[in-house]
Number of protein chains: 2
Amino acid sequence: MTDAALHIHPTGHDHAACVDEALETAETLCVERGARLTPLRRRVLELVWSSHRPVGAYDILGRLDGSARKPAPPTVYRALDFLIEHGLVHRIESMNAYLGCNHPEQSHTGQFLICRECGNVTEMDDDDVRQTLRRKAAERGFDARSQTVELVGLCATCRAG
Amino acid sequence: MTDAALHIHPTGHDHAACVDEALETAETLCVERGARLTPLRRRVLELVWSSHRPVGAYDILGRLDGSARKPAPPTVYRALDFLIEHGLVHRIESMNAYLGCNHPEQSHTGQFLICRECGNVTEMDDDDVRQTLRRKAAERGFDARSQTVELVGLCATCRAG
DNA sequence: GTATGGCCTGATACACTGTATCATACTACA
DNA sequence: TGTAGTATGATACAGTGTATCAGGCCATAC
Ligand SMILES: [Zn+2]
Ligand SMILES: [Zn+2]
Ligand SMILES: [Zn+2]
Ligand SMILES: [Zn+2]
């Protein structure tokens with residue numbers, strides 16, 4: 001599972017540490033909330049975190065295949081639903097794919113920066129942006145309850161390279 | 001979709017005028033640009049404009065059926081690609097559906113206010129929002145080239161009603 | 001200890017969304 | 001008229017997501 005293709009993040013950071021931290025945070029959070037991070041859900045979360053690029057549900061499904069049984073689509077989607085509900089994973093709407101969140105403490109919807117070159121996605125989670133959108137919508141009489149913000153462009157690394 | 005979402009609230013506006021204007025603007029624009037707004041593309045645009053709610057590709061496909069021949073999916077998707085390319089239609093990523101644009105003069109990507117009650121969607125196209133997002137992304141070294149902004153909430157009418 | 005109820009997973013089948021590919025028809029222009 | 005480019009028809013398939021029912025696991029109550 002240490003597929004090199006999954007670790008092409010150009011910053012050369014220690015991604016194993018990202019995964020470890022994400023899993024540990026998830027454990028802690030679920031204990032606090034009385035939510036059950038079952039082995040399956042934990043495994044799905046780990047697979048979502050296999051890189052900083054969004055992962056498709058069927059990619060996850062395929063990689064779960066290594067286990068004894070061959071799970072079916074609902075298995076993955078249910079696990080993803082759980083993880084999303086607890087803020088551990090975000091869905092990238094424009095890609096039909098899923099991305100791990102690295103600060104799931106408070107539930108939120110971030111803003112996503114999608115690099116069209118390397119495919120990496122980073123989350124902004126900027127409160128100014130959130131408030132600006134809320135206000136601009138309110139000026140038009142619209143009460144915004146959830147926000148989807150996804151920007152496509154070039155990340156710092158790919159601009160430099 | 002819930003029953004409520006299927007209900008178009010009675011804003012009482014003359015929607016036939018919306019459609020007429022949209023089609024006329026499209027005609028003009030395509031002539032200016034040397035683009036060919038063929039009967040099929042015009043019909044698809046008309047169907048997208050059948051309401052202020054995003055329309056699915058297969059909904060369009062179904063309604064095209066009234067014609068002599070029964071078109072296939074690629075027919076609709078190609079027409080939609082053309083319309084999107086010319087800014088006449090936007091794709092709502094979070095709904096896998098398509099919405100007519102009422103100011104397609106300059107190509108743009110707007111911000112969409114999606115009412116979860118009535119399903120109507122209005123476009124903001126606010127330059128402050130656009131610039132704020134560009135700037136915030138740039139602060140993180142990210143060069144944003146396109147933006148997807150979709151807010152879900154309650155429209156003015158549904159809040160009042 | 002057993003029963004009950006809730007939650008999690010397995011499994012089948014299907015619905016919805018979008019694309020690859022090749023063939024045919026139409027348009028514009030030389 | 002011939003030809004190149006564009007638009008549509010048609011078939012088949014790929015990718016994404018859900019409905020539904022059945023079985024398994026675990027905690028609490030009796
Ligand atoms: Zn990492
Ligand atoms: Zn990049
Ligand atoms: Zn209207
Ligand atoms: Zn509404």
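The structure displayed is predicted, hence computed values, not measured ones. Computed from heavy atoms alone, side chains included, the values below leave out hydrogens, waters and symmetry copies.
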The side chain of [X] is closest to which nucleotide in this list: [options]?
X       : options               : value
B:Arg91 : D:dT6, C:dG18, D:dT8  : C:dG18
B:Thr38 : C:dC7, D:dG17, D:dT8  : D:dT8
B:Leu40 : D:dT6, C:dG18, D:dG9  : D:dG9
B:Arg78 : D:dG9, D:dT16, C:dG18 : D:dG9
A:Asn96 : C:dT27, D:dT16, C:dC8 : D:dT16

Atom pair CG (B:Leu133) and CD (A:Glu150), whose distance is rounded to the nearest 0.5 Å: 12.0 Å
Reported CG-to-CG distance for the pair B:Asp59 and B:Leu47, which is rounded to 0.5 angstrom: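 Result: 10.0 Å between the selected atoms.
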Starting at [atom1] of [X] and ending at [atom2] of [N], how long is that distance when rounded to a whole Å?
X       : N      : atom1 : atom2 : result
B:Ile84 : C:dT17 : CD1   : P     : 14 Å
A:Arg41 : C:dC7  : CZ    : P     : 11 Å
B:Lys70 : D:dT11 : NZ    : P     : 12 Å
B:Glu93 : D:dT16 : CD    : C1'   : 14 Å
A:Leu64 : C:dC8  : CG    : C1'   : 15 Å
A:Leu61 : C:dT12 : CG    : P     : 14 Å
B:Leu37 : D:dA7  : CG    : P     : 11 Å
A:Arg42 : C:dC8  : CZ    : P     : 17 Å

Aro-ring/base stack A:Tyr58-D:dT16, d under 5.5 Å, angle under 30°: yes
Residue-phosphate contact under 4.0 Å: B:Thr75 side-chain N/O, D:dG9 OP1/OP2: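 Looking at the OP1 and OP2 atoms of D:dG9, one of them is under 4.0 Å from a side-chain N or O of B:Thr75.
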Phosphate OP1/OP2 of C:dA20: any B:Tyr77 side-chain N/O under 4.0 Å: no
Exercise: do B:Thr148 and B:Glu93 side chains pair donor with acceptor under 3.5 Å: no
B:Ser146 and A:Arg116 side chains, donor-acceptor separation under 3.5 Å: no
Salt bridge A:Arg140-B:Asp126, side-chain N to carboxylate O under 4.0 Å: yes
Of A:Gly56 and A:Pro74, the one whose closest DNA chain D nucleotide lies more 5': A:Gly56
First of B:Pro39 and B:Pro73 reached from the 5' end of DNA chain D, by closest nucleotide: B:Pro39
Touch class at under 4.0 angstrom, heavy-atom based, for A:Phe82 against every strand present: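 Result for A:Phe82 = nothing.
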